[in-house]
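Take a look at the structure set out below.
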Number of protein chains: 2
Amino acid sequence: MLSAEQVVAAAIQCADSDGVDGCTMRAVADRLGVTPMALYRHVRSKDELLARIPDLLLFEVMEAAVRQRSGVSALREIALGLAKVLMARPWSTRLFEQPEPGPNMQAAAAHCIGLLVAEGASADEAFQWIRAVVAQVIGEMLTAHGRFDSTGVDLLLAAIPDLMRSSRPTR
Amino acid sequence: MLSAEQVVAAAIQCADSDGVDGCTMRAVADRLGVTPMALYRHVRSKDELLARIPDLLLFEVMEAAVRQRSGVSALREIALGLAKVLMARPWSTRLFEQPEPGPNMQAAAAHCIGLLVAEGASADEAFQWIRAVVAQVIGEMLTAHGRFDSTGVDLLLAAIPDLMRSSRPTR
DNA sequence: ACCTGAACACCGTTCAAGT
DNA sequence: ACCTGAACACCGTTCAAGT
């Protein structure tokens, strides 16, 4: 008896051993000892299956992020954790293009935004900063083919405290 | 009588009208009034065909970049030009993951690095900054699904002049 | 409800053959 | 040299059928 999460986990294993192109419905089914058609009971299409992978990979990143007590440190944890995930599985980078927004992504973002807002940022600003940092990491990994140069992330993280100060000039 | 560039251009047209998934060897061949096999005379594989698309799309960006006379303005031109290209053809963003480094990309980068070095940066620094800015734009487009928020690019471009000053403290 | 088997309409690519 | 036609080994997915 299969669950959707088992199917996604099997897809991750397939991609780990044969690349994302080797992650076919038939290969995933084989790994589960099941017929390809059985997958369609738990997943609408191959595209949906692939889109569900990112959130599953972010479980530990989310755990680390919600443990932080300041906005910038949560942001840093998200950036470095995501970079670590993408370095461990470079094939997954492209799947973050159209991820199914899942519980892990949402929890990490919500916690980080909450902290930044408590520190004086607007919700819009906080959202933009997360987006910018995540975009930097993904873009960096995508263009660097698996290596990670933290130049861009460092610049962004260094700039944000200043922006925060200037967005609440008096107190 | 076909040329490789014609094949790449036809592939761009296919992707424009049917998305990158509709850009099959058969569809490209049809558009050129030719058999799928004819394409293999000019292109080693479908992957190579797709990898050649980015450089062709960057022709005008390269023209604008080499016209600049300061490193940061060349960098800005690359960032905004690339963003424009990716907004016009969102399907192409993912192809920048493994681009075939072509003449346009190389000319734009070389000009920009030359300017930054003449202004006092090291070649390594200049290279890292270009990479960071390009990564930001691509990551932003990839995660924003076609819209472009310049927050990250603005932060990076604002930070670079300061870095440049500090890397040559005396004169 | 959950899974299977057979089949359909596609792919990218090879290989021998044409001119 | 350049292109074609037929064929191969795959795909994702549908549909009817089993339990």
Side-chain angles (χ1 to χ4, degrees), chain A residues 1-57 89-100 102, chain B residues 1-57 89-100 102:
Chain A
M1 175 59 164
L2 243 45
S3 79
E5 190 156 341
Q6 278 172 33
V7 173
V8 179
I12 291 173
Q13 289 178 26
C14 284
D16 275 338
S17 67
D18 294 320
V20 76
D21 282 342
C23 180
T24 69
M25 296 302 268
R26 283 167 167 90
V28 174
D30 273 2
R31 190 169 290 265
L32 292 165
V34 107
T35 269
M37 302 314 110
L39 307 180
Y40 287 88
R41 186 112 339 228
H42 306 95
V43 131
R44 211 182 315 274
S45 67
K46 185 190 178 184
D47 282 348
E48 192 200 293
L49 171 54
L50 293 179
R52 282 204 194 191
I53 289 179
D55 196 77
L56 199 58
L57 293 179
R89 302 185 214 255
W91 55 262
S92 73
T93 308
R94 76 162 70 156
L95 303 182
F96 284 79
E97 185 177 0
Q98 282 155 349
E100 201 84 357
Chain B
M1 174 59 165
L2 243 45
S3 79
E5 190 156 342
Q6 279 172 34
V7 173
V8 179
I12 291 172
Q13 290 177 26
C14 283
D16 276 337
S17 67
D18 294 321
V20 77
D21 283 342
C23 181
T24 69
M25 296 302 267
R26 284 166 167 90
V28 174
D30 274 2
R31 190 170 290 263
L32 292 165
V34 107
T35 268
M37 301 315 109
L39 306 181
Y40 287 88
R41 185 110 343 225
H42 305 96
V43 132
R44 210 181 316 272
S45 67
K46 186 190 178 184
D47 281 348
E48 192 200 293
L49 171 53
L50 294 179
R52 282 204 194 191
I53 289 179
D55 196 76
L56 199 58
L57 294 179
R89 302 185 215 256
W91 56 262
S92 73
T93 308
R94 77 162 71 156
L95 303 182
F96 283 79
E97 185 178 0
Q98 283 156 347
E100 200 86 356

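Side chains included, hydrogens not; waters and symmetry mates left out as well; all remaining heavy atoms used. Lettering of chains follows the sequences in order, A, B, ..., and the numbering in each one begins at 1.
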Separation of dT13(C) atom P from M25(B) atom CE, nearest Å, is 6 Å
When R26(B) and R41(A) are each assigned the nearest nucleotide of DNA chain C, the 5'-most assignment goes to R41(A)
In whole angstroms, the gap separating C1' of dC2(C) from CE of M37(A) amounts to 14 Å
Between CG of D18(B) and P of dC10(C) the distance, given in whole Å, is 13 Å
Side-chain atoms of T35(B) come closest, of dG12(C), dT4(D), dT13(C), to dT4(D)
Of the listed dC2(C), dG5(C), dG12(C), the closest approach to the M1(A) side chain comes from dC2(C)
Output yes when at least one side-chain N/O atom of Y40(B) is less than 4.0 Å from OP1 or OP2 of dT13(C), else no. yes
Separation of dT4(D) atom P from L2(B) atom CG, nearest Å, is 9 Å
Under a 3.5 Å limit on both distances, the Watson-Crick or wobble mate of dC10(D) is none
Apply side-chain contact (heavy atoms from CB on, under 4.5 Å) to residues L2(A) and R41(A) and explain how you reach the verdict. CA-CA 9 Å; L2(A) 243 45; R41(A) 186 112 339 228; over 6 Å; no
Does H42(A) make a side-chain N or O approach to OP1 or OP2 of dC3(C) shorter than 4.0 Å? yes
R44(A) atom CZ is separated from dG12(D) atom P, nearest whole Å, by 18 Å
Report the C-alpha distance between D16(B) and W91(B) in whole Å, list the side-chain angles of each, state the deciding distance to 0.1 Å, and finish with yes or no for side-chain hydrogen bond (donor to acceptor under 3.5 Å, both in side chains).
CA-CA 8 Å; D16(B) 276 337; W91(B) 56 262; 3.0 Å; yes
Requested in this report: Evaluate the side-chain contact (heavy atoms from CB on, under 4.5 Å) criterion for residues I12(A) and R89(A): first the C-alpha distance (whole Å), next the side-chain angles of each, then the deciding distance (0.1 Å), finally the verdict.
Outcome: CA-CA 9 Å; I12(A) 291 173; R89(A) 302 185 214 255; 3.4 Å; yes
Taken to the nearest whole Å, CG/D21(B) to C1'/dT13(D) is 15 Å
note: D30(B), atom CG; dT4(D), atom P; distance rounded to Å ~ 11 Å
### Message
As a quick check of understanding, evaluate side-chain contact (heavy atoms from CB on, under 4.5 Å) for L49(A) and M25(A), giving each step before the final call.
### Response
CA-CA 9 Å; L49(A) 171 54; M25(A) 296 302 268; 4.1 Å; yes
Under the side-chain contact (heavy atoms from CB on, under 4.5 Å) rule, what do E100(A) and D55(A) come out as? Steps first, then yes or no, please. CA-CA 7 Å; E100(A) 201 84 357; D55(A) 196 77; over 6 Å; no
Under a 3.5 Å limit on both distances, the Watson-Crick or wobble mate of dT4(C) is dA16(D)
Between CG of L39(B) and C1' of dC2(D) the distance, given in whole Å, is 12 Å
